[in-house]
A.B. asks: 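Can you keep this structure in mind? I'll have questions shortly.
Chain identifiers are assigned alphabetically (A, B, ...) following the order of the sequence lines, protein sequences preceding nucleic acid strands; residue numbering begins at 1 within each chain. Everything numeric in this text was worked out from a predicted model, so none of it was measured.
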Protein chains: 2
Amino acid sequence: MGALPRESTVDVLEKRLREDILGGRRPAGSYLPPERELADEFGVNRTTLKHAFGRLVQSGLLETKHGVGTRVRDFLRHGGADLLPMLVGHSPDWIGEIFEVRRSIGELIAERAAARATPAQTAELRRLLAAVGEAEGGEGAQLADAEVHRALARATGNRVYVLLTNTLFNAYLPVRAALAGPFADARTAHDRLAPVVAAVAAHDEAAARAAAGVYLSTTERIMLDDLARARRRRDGVR
Amino acid sequence: MGALPRESTVDVLEKRLREDILGGRRPAGSYLPPERELADEFGVNRTTLKHAFGRLVQSGLLETKHGVGTRVRDFLRHGGADLLPMLVGHSPDWIGEIFEVRRSIGELIAERAAARATPAQTAELRRLLAAVGEAEGGEGAQLADAEVHRALARATGNRVYVLLTNTLFNAYLPVRAALAGPFADARTAHDRLAPVVAAVAAHDEAAARAAAGVYLSTTERIMLDDLARARRRRDGVR
DNA sequence: GTGGTCCAGTGGCTCAGCCACTCAACCACT
DNA sequence: AGTGGTTGAGTGGCTGAGCCACTGGACCAC
């Protein structure tokens with residue numbers, strides 16, 4: 001894989017500010033100190049701080065007004081789904097809620113894909129499914145699995161589902177390694193996913209929805225168990 | 001309302017670059033000119049350009065690598081649902097696809113809300129619904145309507161639905177004024193939405209899903225008609 | 001070939017400073 | 001008193017110049 005990107009100053013700064021906000025140490029509605037002052041506190045240049053501010057503004061966590069100041073926003077009120085990755089990293093409560101939505105939307109996507117997939121798309125689905133079974137190692141199977149889900153989203157013919165799928169995948173990113181359980185054995189992963197692809201290829205909407213439901217709840221259970229185990233282990237060490 | 005925010009240099013720059021990318025003038029995979037050069041082209045400072053870059057990177061439209069350059073990414077591959085507002089502004093095709101997803105997810109939310117809403121939440125829903133009927137003017141009814149949908153999302157007990165609702169609302173923002181049709185008469189808007197709230201309050205999941213489906217497809221039809229009419233009018237003038 | 005070194009080109013970050021905007025206090029006039 | 005204009009301190013927006021850190025290809029010594 002390679003290409004591990006170092007963390008830049010702005011990355012660190014952004015993370016720090018974000019933690020302060022999500023952790024409630026900078027309550028919604030309150031004003032941050034002036035940029036000059038805050039930059040001094042963090043020991044960075046004002047320009048650098050502004051780059052971090054820019055990102056948080058775009059995320060919907062901050063709001064700056066020229067001549068007035070920078071205020072913390074209520075992210076549950078204004079924030080979009082792109083906040084999920086940082087929320088997952090900040091508090092584990094979110095992952096369960098994401099799973100529930102993933103399941104509902106996954107069923108929806110499978111149903112729509114069954115209704116509308118073109119022959120070329122079903123062929124691609126079969127090809128990508130086969131790649132899951134032949135993947136090397138758990139990480140390979142996990143990535144191959146993700147490709148199948150992307151293709152399913154494309155097969156709905158609705159690009160919004162593609163973007164939603166991206167958003168949900170991004171949400172898993174911070175904990176991806178901990179969620180590799182369902183993909184430990186490539187063959188098993190393949191067999192679990194196969195019914196979904198088969199039902200979509202057969203244009204059987206109800207079966208596709210049902211198969212997706214089974215697939216998602218099965219993998220979900222394994223992942224949540226893994227997370228719970230990891231948490232127990234970590235707490236035991238403490 | 002007030003508070004019209006002027007467009008800053010960075011805003012303009014971001015918009016310009018985004019249009020170039022979404023319009024295909026900067027194809028995915030291609031490298032942008034070096035920052036120093038591009039800043040000269042636009043007649044802005046390199047720091048300012050970097051602020052615009054920062055936003056586009058966060059959106060998933062660009063990717064910068066230290067020592068190498070800045071490359072355009074394939075947003076359908078990497079972009080999240082937060083791209084929707086800019087996509088709607090760029091091409092009208094998206095709005096139909098968004099409507100379809102809004103309808104499916106809206107049904108889902110109504111069903112879940114019916115299953116899980118607390119007494120306090122149903123009371124709030126009734127209060128917000130009443131506010132729709134009493135709103136002044138189309139814009140007021142539209143905003144009040146949005147508040148009901150936010151409350152429905154909260155009533156699912158799953159905060160991811162809240163964020164998804166925000167994302168979809170944000171997607172409408174660029175064309176909000178053109179979609180005020182269903183809310184021209186506050187009383188009608190109220191009566192159309194009432195069955196959804198009633199079914200949720202009665203904890204009748206199936207009825208809530210059905211009522212939401214009716215509500216969403218009705219308002220959707222009105223909005224799409226309005227858009228088509230506006231387009232015809234505009235094209236007629238041309 | 002193989003490995004190491006160098007260097008031009010790129011983005012990351014800093015610095016000092018001016019500009020533009022907001023708001024509240026104040027003042028002048030009615 | 002009330003109204004409306006002015007001012008100034010404080011804030012974020014933006015600039016220009018410059019150094020640092022990283023990458024990758026060209027080149028060289030072996």
A.B. asks: Given atom CZ of A:Phe42 and atom P of C:dC13, what is their separation to the nearest angstrom?
C.D. replies: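 Spelled out: CZ on A:Phe42 to P on C:dC13 is 15 Å.
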
A.B. asks: Taking only the side-chain nitrogens and oxygens of B:Lys50, find out if one of them lies under 4.0 Å from OP1 or OP2 of C:dG12.
C.D. replies: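 Looking at the OP1 and OP2 atoms of C:dG12, one of them is under 4.0 Å from a side-chain N or O of B:Lys50.
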
A.B. asks: Tell me: CG of A:Asp40 to P of C:dC15, nearest whole Å?
C.D. replies: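 After rounding, the gap between these two atoms is 10 Å.
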
A.B. asks: Tell me which of A:Arg46 and A:Val68 sits closer to the 5' end of DNA chain C, going by the nucleotide each one is nearest to.
C.D. replies: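 Whichever sits nearer the 5' end wins; that is A:Arg46.
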
A.B. asks: Provide, to the nearest angstrom, the distance between the CD atom belonging to B:Glu37 and the P atom belonging to C:dG9.
C.D. replies: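 The answer, rounded to whole Å, is 12 Å.
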
A.B. asks: Between A:Gly67 and A:Leu49, which has a closest nucleotide on DNA chain C that is more 5'?
C.D. replies: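 Closer to the 5' end of DNA chain C: A:Leu49.
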
A.B. asks: Would you find a donor on one side and an acceptor on the other, under 3.5 Å apart, between the side chain of A:Ser104 and the backbone of A:Val101?
C.D. replies: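 No; zero donor-acceptor contacts below 3.5 Å.
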
A.B. asks: Give a yes or no answer on whether the side chain of A:Ser59 reaches the backbone of A:Leu61 with a donor-acceptor pair at less than 3.5 Å.
C.D. replies: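 Flag not set: sc A:Ser59 to bb A:Leu61 has no pair under 3.5 Å.
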
A.B. asks: Nearest whole angstrom, please: distance from the C1' of C:dG11 to the CZ of B:Arg36.
C.D. replies: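 From B:Arg36 CZ to C:dG11 C1': 7 Å.
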
A.B. asks: Would you say the side-chain atoms of B:Asp11 pair up with the backbone N or O of B:Ser8, donor to acceptor, closer than 3.5 Å?
C.D. replies: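 Pair found, side chain donor or acceptor close to backbone of B:Ser8.
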
A.B. asks: Strictly below 4.0 Å: does B:Thr64 bring a side-chain N or O up to OP1 or OP2 of C:dG12?
C.D. replies: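 Answer yes for this pair, as a side-chain N or O of B:Thr64 is under 4.0 Å from OP1 or OP2.
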
A.B. asks: For B:Glu35 and D:dC19, give me the distance from atom CD to atom C1', rounded to whole Å.
C.D. replies: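 It is 15 Å, rounded to the nearest whole Å.
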
A.B. asks: Is the side chain of A:Asn170 donor-acceptor paired with the backbone N or O of A:Asp82 at a distance under 3.5 Å, no angle test?
C.D. replies: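 No.
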
A.B. asks: Between D:dG12 atom C1' and A:Arg71 atom CZ, what is the distance in whole Å?
C.D. replies: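 Rounded to whole Å, this separation is 15 Å.
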
A.B. asks: Does C:dC13 have OP1 or OP2 under 4.0 Å away from a side-chain N or O of A:Asn45?
C.D. replies: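 For C:dC13, neither OP1 nor OP2 has a side-chain N or O of A:Asn45 closer than 4.0 Å.
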
A.B. asks: Does a side-chain N or O from B:Thr9 land closer than 4.0 Å to OP1 or OP2 of D:dC14, or not?
C.D. replies: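 B:Thr9 to D:dC14 OP1/OP2: side-chain N or O found under 4.0 Å.
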
A.B. asks: Could you check whether B:Thr47 gets within reach of a base, just the sugar-phosphate, or nothing at all, counting any heavy atom under 4.0 Å?
C.D. replies: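 Touches a base.
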
A.B. asks: What integer distance in Å separates B:Leu13:CG from D:dG13:P?
C.D. replies: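 Going from CG in B:Leu13 over to P in D:dG13 covers 15 Å.
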
A.B. asks: What is the separation between atom NE2 on A:His51 and atom P on C:dG11, rounded to the nearest whole Å?
C.D. replies: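 Spelled out: NE2 on A:His51 to P on C:dG11 is 13 Å.
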
A.B. asks: Are the side chain of B:Arg150 and the backbone of A:Arg77 linked by a donor-acceptor contact shorter than 3.5 Å?
C.D. replies: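 Side chain of B:Arg150 to backbone of A:Arg77: a pair is present.
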
A.B. asks: Measure the distance between the ring centre of A:His66 and the centre of the six-membered base ring of C:dA20, then answer whether it is under 5.5 Å with planes under 30°.
C.D. replies: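 Per 5.5 Å and 30° rule: yes, stacked.
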
